[in-house]
Amino acid sequence: MAQGDYAQDGYILLKGFFAEAELHAVEPILKKFHQIWLEENSEAYHKGAINSHSLTGADSITSQEKITLFRFIEQQKFASLFKQIFPQPPLFLNTQLFFDPKNATQHNYWHRDIQYTAISDEAQQQSIQTLNVVHFRIPFAGEPGIELIPGTHRHWDMPEEYAVRKSLDGKLPHHGLKRGIALPLERGDLLVFSANMIHRGLYGMERFSLDIIYCDNTPDMQQHIDRRNMPDSNERKQLSNEICL
Ligand SMILES: O=C(O)CCC(=O)C(=O)O
């Protein structure tokens, strides 16, 4: 039973979406990537990093492992969700792994992903009316989950929400927001949510989640795709290639 309607709320939570066997197929690859990432990025981790990215472009992952990841990324089980969310078939944008900060007292932060682009607030308000950049969050352990404000994938902030995410008027990005709803997650769940809605990660429980990010297949979004994260010509022979640039 799904909670949330993407068009109206900006998110869909599907409890028990994945069978154990589906998670087992990719889990060792994620664990291996993460172990090597921690060794190579110890400084960033100690300084507060809570995520890594670009698994499908990583030197630490073999070509065969990349094919396994790409098959997971383009799996048929997502097809009906893509239809609900995107007006046209989407593009695969990138992957991220989310984990807890080294320092357990580190604060989380409300944000819209689009706020980290160079475009003005006015252009952001315009852009979110139609733009779809969507996380598919796949937790491999139980986690406190994501807190989000339903509907803000299409609607701008209330004044207090804006002040919190922009650190204005004495507010800070980790302060509580009245309209926020927390969505705790268990292994096997799938949480689909718009990157452009107001949201924050909730840390704890030694979380370990794979986020696959898909976006509208538009010339503008194509520019944001790093070709190193796309399959090479040999890998493409074993894939459907429907959502990779
Ligand atoms: O889980 C987190 O720490 C933050 C997730 C997030 O903000 C995102 O995926 O854009």
Side-chain angles (χ1 to χ4, degrees), residues 12 14 16-41 44-45 49-83 85-86 89-100 113 132-143 146 185-193 195 201 206-217 221-222 224-245:
I12 308 170
L14 295 145
F17 183 84
F18 294 106
E20 270 303 309
E22 295 172 298
L23 298 177
H24 278 144
V26 290
E27 190 170 23
I29 305 170
L30 308 183
K31 290 258 156 83
K32 174 180 133 178
F33 172 88
H34 186 54
Q35 202 50 49
I36 295 172
W37 185 91
L38 284 173
E39 284 161 23
E40 292 179 348
N41 295 276
Y45 179 58
I50 51 150
N51 72 314
S52 56
H53 61 88
S54 303
L55 282 73
T56 56
D59 291 340
S60 56
I61 304 283
T62 66
S63 189
Q64 197 50 51
E65 289 168 336
K66 284 180 187 172
I67 290 168
T68 302
L69 287 181
F70 284 123
R71 287 194 175 135
F72 192 79
I73 288 164
E74 64 173 28
Q75 64 181 285
Q76 270 307 306
K77 254 182 122 173
F78 292 157
S80 69
L81 288 165
F82 290 159
K83 284 212 176 86
I85 296 166
F86 297 96
L91 276 181
F92 161 57
L93 180 60
N94 207 346
T95 47
Q96 291 179 302
L97 276 183
F98 283 90
F99 41 85
D100 280 341
D113 286 17
N132 299 295
V133 180
V134 179
H135 283 247
F136 279 43
R137 168 157 297 208
I138 300 146
F140 284 78
E143 63 169 53
I146 295 284
L185 302 173
E186 293 167 304
R187 184 179 168 96
D189 295 349
L190 170 65
L191 174 64
V192 174
F193 67 98
E206 297 188 30
R207 68 192 188 137
F208 188 68
S209 266
L210 170 68
D211 280 26
I212 308 172
I213 307 158
Y214 303 93
C215 62
D216 290 318
N217 188 355
M221 288 310 301
Q222 285 172 13
H224 293 281
I225 286 178
D226 184 341
R227 297 275 182 161
R228 287 171 296 187
N229 293 322
M230 297 298 125
D232 65 21
S233 52
N234 274 328
E235 290 156 8
R236 278 179 200 270
K237 288 180 194 148
Q238 299 187 55
L239 298 166
S240 79
N241 302 307
E242 282 167 10
I243 57 166
C244 288
L245 193 63

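Predicted model only: the values in this text are computed from it and were never measured. In this chain, residues are counted from 1 in sequence order.
V133 is not listed as a side-chain neighbour of D113, based on a closest heavy-atom distance of 4.5 Å or more. Residues F98 and E143 form no side-chain contact, since every pair of their non-hydrogen atoms from C-beta on lies 4.5 Å or further apart. No side-chain heavy atom of N51 sits under 4.5 Å from any side-chain heavy atom of D211. For the pair L210/T95, a side-chain contact is recorded, criterion being any heavy-atom separation below 4.5 Å from C-beta on. Annotation: side chain of C244 is in contact with side chain of R236 (closest heavy-atom distance under 4.5 Å). Residues D100 and I50 are not in side-chain contact: their nearest non-hydrogen atoms beyond the backbone lie 4.5 Å or more apart. Annotation: side chain of L30 is in contact with side chain of L69 (closest heavy-atom distance under 4.5 Å).
Partners of D216 according to the salt bridge (Lys or Arg N to Asp or Glu O under 4.0 Å) rule, which considers only residues two or more places apart in sequence or in another chain, do not exist here. With sequence neighbours excluded, the residues forming a side chain to side chain donor-acceptor pair (under 3.5 Å) with Q222 are N217, listed by chain and number. The side chain to side chain donor-acceptor pair (under 3.5 Å) test applied to H53 returns no partner, not counting sequence neighbours. Partners of R187 by side chain to side chain donor-acceptor pair (under 3.5 Å), not counting sequence neighbours, listed by chain and number: E20, E27. For the side chain to side chain donor-acceptor pair (under 3.5 Å) test, no residue two or more places apart in sequence or in another chain qualifies with D59. With sequence neighbours left out, the ring pair (Phe, Tyr, Trp, His ring centres under 6.0 Å) criterion links F18 to F72. Here H34 pairs with F99, F208 under the ring pair (Phe, Tyr, Trp, His ring centres under 6.0 Å) rule; sequence neighbours left out. For D226, the side chain to side chain contact (heavy atoms under 4.5 Å, CB included) partners two or more places apart in sequence, or in a different chain, are R228, N229. By the ring pair (Phe, Tyr, Trp, His ring centres under 6.0 Å) test, F70 is found to be paired with no residue, residues two or more places apart in sequence or in another chain being considered. Among residues two or more places apart in sequence or in another chain, the side chain to side chain contact (heavy atoms under 4.5 Å, CB included) test is passed with A141 by none. For E186, the salt bridge (Lys or Arg N to Asp or Glu O under 4.0 Å) partners two or more places apart in sequence, or in a different chain, are K15.
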Notebook entry, point to check: Would I138 and V26 count as a side chain to side chain contact (heavy atoms under 4.5 Å, CB included) if you check the C-alpha gap in whole Å, the side-chain angles of each, and the deciding distance to 0.1 Å?
Noted result: CA-CA 11 Å; I138 300 146; V26 290; over 6 Å; no

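The CZ atom of R207 sits 10.0 Å away from the CG atom of L185 when rounded to the nearest 0.5 Å. Taken to the nearest 0.5 Å, the NE2 atom of H24 stands 9.5 Å off from the CZ atom of F140. Interatomic distance, CG of L55 versus CG of N94, reported as 8.0 Å (0.5 Å rounding). In this structure, I212 CD1 and Q96 CD are separated by 11.5 Å, a value rounded to the nearest 0.5 Å. Interatomic distance, H224 NE2 to L93 CG, rounded to the nearest 0.5 Å: 8.5 Å. Annotation: the span from I243 atom CD1 to M230 atom CE amounts to 9.0 Å, rounded to 0.5 Å.
A donor-acceptor pair is defined here as one N or O able to donate and one able to accept, closer than 3.5 Å; no such pair exists between the side chain of N132 and the backbone of C215. Side-chain N or O atoms of Y214 include none that pairs as donor or acceptor with a backbone N or O of P89 at under 3.5 Å.
Nearest heavy atoms, G16 versus D189: N-OD1, 2.9 Å.
Between F92 and F136, the ring centre distance reaches or exceeds 6.0 Å.
For E39, the CD atom sits in a packed shell: over 12 heavy atoms of surrounding residues, nucleotides or ligands are nearer than 6.0 Å.
Here salt bridge (charged side-chain N to carboxylate O under 4.0 Å, His left out) pairs that include residues 60-81, with residues two or more places apart or in two chains, are E22-K77, K32-E65.
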